[in-house]
Engineer: 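Quick one: structure below, then a few questions.
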Amino acid sequence: MAELNIPSWFNCVTPQFDILNNKLDESVFAANLGDVMMGSGNEIYLDPKQFFKKTYVTNGLRSIATRVVQALNGGVTENRVISLQTGFGGGKTHALISLYHIVKNGAALNDVLVEAEVLAKGLMPTFSNAGVAVFTNNTNDVVQGRSVPEGFAIHTLWGEIAYQLGGVEAYKIIEKNDVDGIAPSKELLTPILKASTPSLILIDELADYCVKAAGKVIGKGSLFTQTNSFIQTLTEAVSSVPQCVLLATLPASATEVASSAIGQEVLDALQKRIVRIGANEKPVADEEIYEVIRRRLFDNLDYEIIDKVAEKYKSMYHNRRSDLPAGCDGMEYANRIKKSYPFHPELIEMFHVRWGSDSRFQRTRGVLRILASIVQDLYKRRNSLNGTHLLIHTSDVCLDNLPTLTGTITNLEGANWETVMHADIIGSSSNAFMIDNEPGSGNLGAFSLTQGIAATLLMSSIGSSNRKGLTMKEIKQCLIKPDSFNHNDINAALNKLEGVAHYLYSTASVGEKLYWFQTKPNVNILVNKAKANITDNEVMTEIETRLRNANASSPKLKVLVNPSSEIPEQKSLTLVVLSPRYLVPTGEGAGQAEQYIKNIALKKGSSDRIYRNTIFYLAATEAGLAVVKTKLQECLGCKKILDEYKGQLDKDQMADVMKRSNEYDIDANKALIGAYSIVLRYSARFGITRYELTSFANDLTSQIRNNMMEELIKENWILKSIGCRTLEVNNLMPKVENPVRLIDIYEAFLKFDDKPMILGPETVTACANDNCQKGHFNIAQSADGKNFKNIKHESTMGFLDPNDESYWIIDASIVEKTVETASAAGFSNQPMGSAGTTGPVNPEPLGGMVCPGPMPTASKVFKSLEISGSINGGQWNQMFNSFINLLRYNNLQIDVKIKASTTERNPLSESSQTYKSIKESANQMGLDLKVEE
């Protein structure tokens, strides 16, 4: 909450009467000099006392009024031909109405003028009956003229000046010129002016009148050419007559003139006649706009409160200075807050500077109209507003309630902005509204934060400035308030809006991202449409493709992606990655995947599976797959856009779609890795057990090969080595009377699913060597399990192969008998027995070890060898034992070519079990399969 001694703005200042009573009439801000002259229009402009009470007298207005009064008083002044040339809303008409009241009332208005400090100190009008002539765009109709009470019509500017200053008598002097539309000479005009002094001639919106006058033919020219000629005559005549002043307004550019076709010609001509001779003045300086607005809209300002508010914001901006534009925590900006109170400076700048860059927008009148409607709406809703409201921010603007503002946007930028506003900003179906009203939206919903951001960005996107939109720092400067939401909530809201808005754009601007709206739809519409057309089947196919493309198999792990349930026997560790159609629930169980897993675990085709402890499974969770589907729909949608709309996208849209496609692709892969987080295995004893992965890599290959395997090894799901305790529990520890064949250990861990899985044959090899070296048991070779040789005790066995049936583990007490040396000359002819008796010589050294003797001479070493030829199926075992097993440590490479033909005993057909098994095995091993029909 705000400090108790700093009230909200609506408890500190009083809006003017019409705002306070919800009777705001926009005509209040539509000042019209012609209406004032005719005594019609809003009372605030007709009554000089009310008018000057609500008018902030700018330095420019004071300078102009002082010059006019000095001249009409008969004093010496600068040029008495004055031009006001500013853009729409630059204060021209307001200045002319001020002068009209001053001159029309003369000395009778002195008290009001002194109180409002309208004139230079000490200066007051000394005249009482000065003449005033007023001519505006609508004073006189170009074709029909203007009828007057005396029963005739006036047709021209010179006719109006003569009639208004000198009545019928003065008009008669130039009546023929008026009727014929021919500009009078200086000799005719000057006496009229001299007879009417002191006098003031006010001409407003002359350029628009001249555009219409160009359509009326006068001789070989037009009424415009005659009017333009008269302006030169008028300026010369005024300059020659004391106590006579001419003040005319001109637009800043031709775009403000009613007809652009002839507008520039008219403006150029008038500038030569008026500006060249006269002295140009600016009624309202840019820095005075704050006080003009405040004086016009509010009463009862408390400057002590204003100082506290400025200090509060200065302190907040200083604490957040790294997140805001440079300088907003300094005294200069604090002074801007004081001047603009109760508006935030950026709200006024939005209209006065950004919108004001469009020459069609009235910079003073237009700003006043819009800000008045904003104040009226907020004041009406003041008791239901959330958060602190020390100032009126851009984010407080509720476009739903402000037809004045939205209508100005469509008038300036076109009706297609209605689509922009209703799609992303206004109404309960807009994207901003839906973000704020999502369940659990927190501060976004509490403060309508996304809608505030959208409204701010919309207003920053209007105008003719080359730089439209705002950076994140500028957005935060517009939105953050003391003792309110966290500034990081703005980041969250804008990120969400950027992802769904149809007309929001962003780009880098001098190192910072710039955000703005425009009427060309961004690719969000295309992406959302393309997403909606992506089917579940397309998503599932894409998931399986990504899983296969991961190519996660390694020497230690075979990976099968969505195989059929007829998987051949697997003697090596095999991971089956389940199709995304087989999902597992959060918590426990295997859900849809249970029966599929059981079928693979127990059967290989129609026969029972023998090796049941080599296959485990990786599955996706239901929640995880939902995220993957969303990401893949976005990714596939972008790819579809690039395929189908490539020729219709402009350069920026193409770049945006490609950027999104890359980002969505990365997001989809991350989501896929996170979704496939459940590892499962089946055992007859425990059924399906599961483990949830907690470590995730950046790519699926690394996730399976590294992160998953490391976790499963750490959790003892997969063993790198087998300890004695595991052997004992599984009745595989050798005893004196019960040696254990190494291949039986290996086969036990491959076949029986009540045991942990092993990494491979190296696990058994490591088990044998590690435990032998520690003296837990010995390793030996034997053909029959009774007569052992090559016994290893507290050492390791080189080239130990668990597939070799000759290797055994035996009790550590069984050791090999040694040979006793008889003499230094050689070995004894008798081997030692258990009691030391001698016997006949064994022609083979004990244990198969070669006896010491002379070293053999060096033999030739071959770089490689190759065996080739054709064999029949019955020679396979001989080929394996004679070649493959002997060369297994020699970087063995096997080029396979197997050819078989249909026989009566075993026909090879597409539906035969033999063909299905061969096809599946070839696919798993990466071998080509060709058939001859």
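Here the structure is a predicted model, which means the values were calculated and not measured.
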Engineer: Looking at NZ of Lys531 and OH of Tyr664, how far apart are the two atoms once the value is rounded to the nearest 0.5 Å?
Structural biologist: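 Separation between the atoms: 7.0 Å.
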Engineer: Of the non-hydrogen atoms in Ala601 and Arg609, which two are nearest, and what is the gap between them?
Structural biologist: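 Heavy atoms only, the tightest pair is O-CD, 3.6 Å.
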Engineer: Hey, what do you get for CG (Asn803) to CD (Glu747), rounding to the nearest 0.5 Å?
Structural biologist: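 Between Asn803 CG and Glu747 CD, I get 7.5 Å after rounding to 0.5 Å.
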Engineer: Are side-chain heavy atoms of Leu632 and Ile534 found at a separation under 4.5 Å?
Structural biologist: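 Side-chain contact under 4.5 Å: no.
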Engineer: Within the 4.5 Å heavy-atom criterion, are Phe616 and Leu712 side-chain neighbours or not?
Structural biologist: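 Counting from C-beta outward, Phe616 and Leu712 do come under 4.5 Å.
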Engineer: Taking only Lys NZ, Arg NE, NH1 and NH2, and the carboxylate oxygens of Asp or Glu, determine whether Lys714 and Glu710 approach each other closer than 4.0 Å.
Structural biologist: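 Not counted as a salt bridge, because no side-chain N and carboxylate O are separated by less than 4.0 Å.
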Engineer: Taking all heavy atoms of Arg548 and all of Val561, pick out the closest pair and write down the distance.
Structural biologist: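 Distance-wise, the nearest heavy atoms are NH2-O, 3.4 Å.
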Engineer: Assess the side chains of Asn599 and Gln595: does a donor N or O sit below 3.5 Å from an acceptor N or O?
Structural biologist: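 Yes, side-chain donor-acceptor contact under 3.5 Å.
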Engineer: Any non-hydrogen side-chain atom of Pro580 less than 4.5 Å from a side-chain atom of Leu625?
Structural biologist: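 In short, these two side chains touch, coming nearer than 4.5 Å.
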Engineer: Say whether Tyr582 and Glu594, considering side chains only, have a donor N or O and an acceptor N or O under 3.5 Å apart.
Structural biologist: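 Looking only at side-chain atoms, Glu594 and Tyr582 do not form any donor-acceptor pair under 3.5 Å.
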Engineer: Is it true that Arg705 and Asn551 share a donor-acceptor pair across their side chains at a distance under 3.5 Å?
Structural biologist: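 The criterion, which ignores hydrogens and geometry beyond distance, is not satisfied for Arg705 and Asn551.
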Engineer: Are the side chain of Glu728 and the backbone of Met733 linked by a donor-acceptor contact shorter than 3.5 Å?
Structural biologist: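 A pair under 3.5 Å: no.
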Engineer: Show, in sequence, the C-alpha distance, side-chain angles and deciding distance for Asn562 and Leu547, and conclude whether the side-chain contact (heavy atoms from CB on, under 4.5 Å) test is met.
Structural biologist: CA-CA 9 Å; Asn562 188 28; Leu547 293 172; over 6 Å; no
Engineer: So does Gln570 get a backbone contact from the side chain of Thr614, meaning a donor-acceptor N/O pair under 3.5 Å?
Structural biologist: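 Yes, because the side chain of Thr614 sits within donor-acceptor range (under 3.5 Å) of the backbone of Gln570.
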Engineer: Look at the side chain of Glu569 and the backbone N and O of Lys604, then say whether any donor-acceptor pair between them is shorter than 3.5 Å.
Structural biologist: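 Not a single qualifying donor-acceptor pair exists.
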Engineer: Under 4.5 Å between any side-chain heavy atoms of Glu634 and Arg660, yes or no?
Structural biologist: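 No, side chains not in contact.
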Engineer: Which heavy atom in Asp784 sits nearest to a heavy atom in Trp808, and how many Å separate them?
Structural biologist: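 It is C-CZ2, 4.3 Å.
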Engineer: Go through the steps for Ile543 and Tyr676 under the test side-chain contact (heavy atoms from CB on, under 4.5 Å), then give the verdict.
Structural biologist: CA-CA 11 Å; Ile543 291 174; Tyr676 273 84; 4.2 Å; yes
Engineer: Does a sphere of radius 6.0 Å around NZ in Lys755 hold more than 12 heavy atoms from other residues, nucleotides or ligands, not counting ones at 6.0 Å or beyond?
Structural biologist: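 Yes, NZ of Lys755 has more than 12 neighbouring heavy atoms, counting only those of other groups under 6.0 Å.
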Engineer: Please determine if Lys899 and Glu932 form a salt bridge, counting it only when a charged side-chain N lies under 4.0 Å from a carboxylate O.
Structural biologist: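 Salt bridge: no.
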Engineer: Examine the side chains of Glu711 and Tyr691 and answer whether a donor and an acceptor come within less than 3.5 Å of each other.
Structural biologist: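 Glu711 vs Tyr691: donor-acceptor pair found between side chains.
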Engineer: Any chance you could measure Ile809, atom CD1, to Arg741, atom CZ, to the nearest 0.5 Å?
Structural biologist: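 Taking CD1 in Ile809 and CZ in Arg741, the distance rounds to 12.5 Å.
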Engineer: Check the pair Asn537 / Thr535 against side-chain hydrogen bond (donor to acceptor under 3.5 Å, both in side chains), numbers first and verdict last.
Structural biologist: CA-CA 5 Å; Asn537 189 55; Thr535 65; 5.2 Å; no
Engineer: Between Asn613 (side chain only) and Asp754 (backbone N and O only), is there a donor and an acceptor less than 3.5 Å apart?
Structural biologist: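 Answer holds: no.
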Engineer: Between the main-chain N or O of Leu719 and the side-chain N or O of Thr763, is there a donor-acceptor pair closer than 3.5 Å?
Structural biologist: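 Yes.
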Engineer: Please check if any side-chain donor atom of Ser806 sits under 3.5 Å from a side-chain acceptor atom of Asp804, or the reverse.
Structural biologist: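 Side chains of Ser806 and Asp804: pair found under 3.5 Å.
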Engineer: What is the minimum heavy-atom distance between Gly775 and Glu794, and which atoms define it?
Structural biologist: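 Nearest heavy atoms, Gly775 then Glu794: CA-CG, 3.8 Å.
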Engineer: Is it true that, when you exclude Lys720 itself, more than 12 heavy atoms of the residues, nucleotides or ligands shown sit nearer than 6.0 Å to its NZ?
Structural biologist: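 Result for NZ/Lys720: open.
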Engineer: Is the CG atom of Asn738 crowded by more than 12 outside heavy atoms at less than 6.0 Å?
Structural biologist: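 More than 12 heavy atoms, drawn from other residues, nucleotides or ligands, come within 6.0 Å of this atom.
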Engineer: Just wondering, are more than 12 heavy atoms of other shown residues or ligands nearer than 6.0 Å to NZ in Lys556?
Structural biologist: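 Result for NZ/Lys556: open.
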Engineer: Return the minimal non-hydrogen interatomic distance between Met757 and Arg681, and the atom names on each side.
Structural biologist: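 For Met757 versus Arg681, the nearest heavy atoms are N-NH1, 4.0 Å.
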Engineer: Would you say the side chain of Arg612 lies within less than 4.5 Å of the side chain of Leu602, judging by non-hydrogen atoms?
Structural biologist: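 Answer yes - side chains close enough.
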Engineer: Could you walk me through whether Asn669 and Asp699 pass side-chain contact (heavy atoms from CB on, under 4.5 Å), step by step?
Structural biologist: CA-CA 7 Å; Asn669 281 333; Asp699 62 272; over 6 Å; no
Engineer: List the atom of Trp717, the atom of Leu680, and the distance in Å for their closest heavy-atom pair.
Structural biologist: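 Closest heavy-atom pair between Trp717 and Leu680: CZ3-C, 4.1 Å.
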Engineer: Any side-chain heavy-atom pair from Thr621 and Ser677 closer than 4.5 angstrom?
Structural biologist: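 They are in side-chain contact.
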Engineer: Any side-chain heavy-atom pair from Leu800 and Leu742 closer than 4.5 angstrom?
Structural biologist: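 With C-beta onward as the side chain, the pair touches.
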Engineer: Starting at CD1 of Ile814, measure out to NZ of Lys735 and round the result to the nearest 0.5 Å.
Structural biologist: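 Those atoms lie 13.0 Å apart.
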Engineer: Are Phe749 and Thr726 close enough, and set up right, to give a side-chain contact (heavy atoms from CB on, under 4.5 Å), and what steps lead you there?
Structural biologist: CA-CA 11 Å; Phe749 278 93; Thr726 303; 3.9 Å; yes
Engineer: Any side-chain heavy atom of Phe788 sitting closer than 4.5 Å to one from Asn778?
Structural biologist: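 They are not in contact (no side-chain heavy atoms under 4.5 Å apart), so the answer is no.
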Engineer: Please determine whether a side-chain nitrogen of the Lys or Arg among Lys629 and Glu538 lies less than 4.0 Å from a carboxylate oxygen of the Asp or Glu.
Structural biologist: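 Not counted as a salt bridge, because no side-chain N and carboxylate O are separated by less than 4.0 Å.
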Engineer: Could you state the interatomic distance from CG (Leu557) to OG (Ser572), rounded to the nearest 0.5 Å?
Structural biologist: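 Between Leu557 CG and Ser572 OG, I get 8.5 Å after rounding to 0.5 Å.
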Engineer: Mind running salt bridge (charged side-chain N to carboxylate O under 4.0 Å, His left out) on Glu542 and Lys631 for me, showing each step along the way?
Structural biologist: CA-CA 11 Å; Glu542 178 67 15; Lys631 298 299 182 183; over 6 Å; no
Engineer: Among Leu750, Leu573, Ile718, exactly one meets side chain to side chain contact (heavy atoms under 4.5 Å, CB included) together with Ile758. Which residue is that?
Structural biologist: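 The option that passes is Leu750.
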Engineer: Is the shortest side-chain N to carboxylate O distance from Asp665 to Arg546 below 4.0 Å?
Structural biologist: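 Counted as a salt bridge, because a side-chain N and a carboxylate O are separated by less than 4.0 Å.
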Engineer: Looking at Lys659, I want to see if its NZ is surrounded by more than 12 non-hydrogen atoms of other residues, nucleotides or ligands under 6.0 Å.
Structural biologist: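 Check fails, neighbour count at 12 or below.
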Engineer: Looking at CG of Leu560 and CG of Leu578, how far apart are the two atoms once the value is rounded to the nearest 0.5 Å?
Structural biologist: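 So the gap between those two atoms works out to 11.0 Å.
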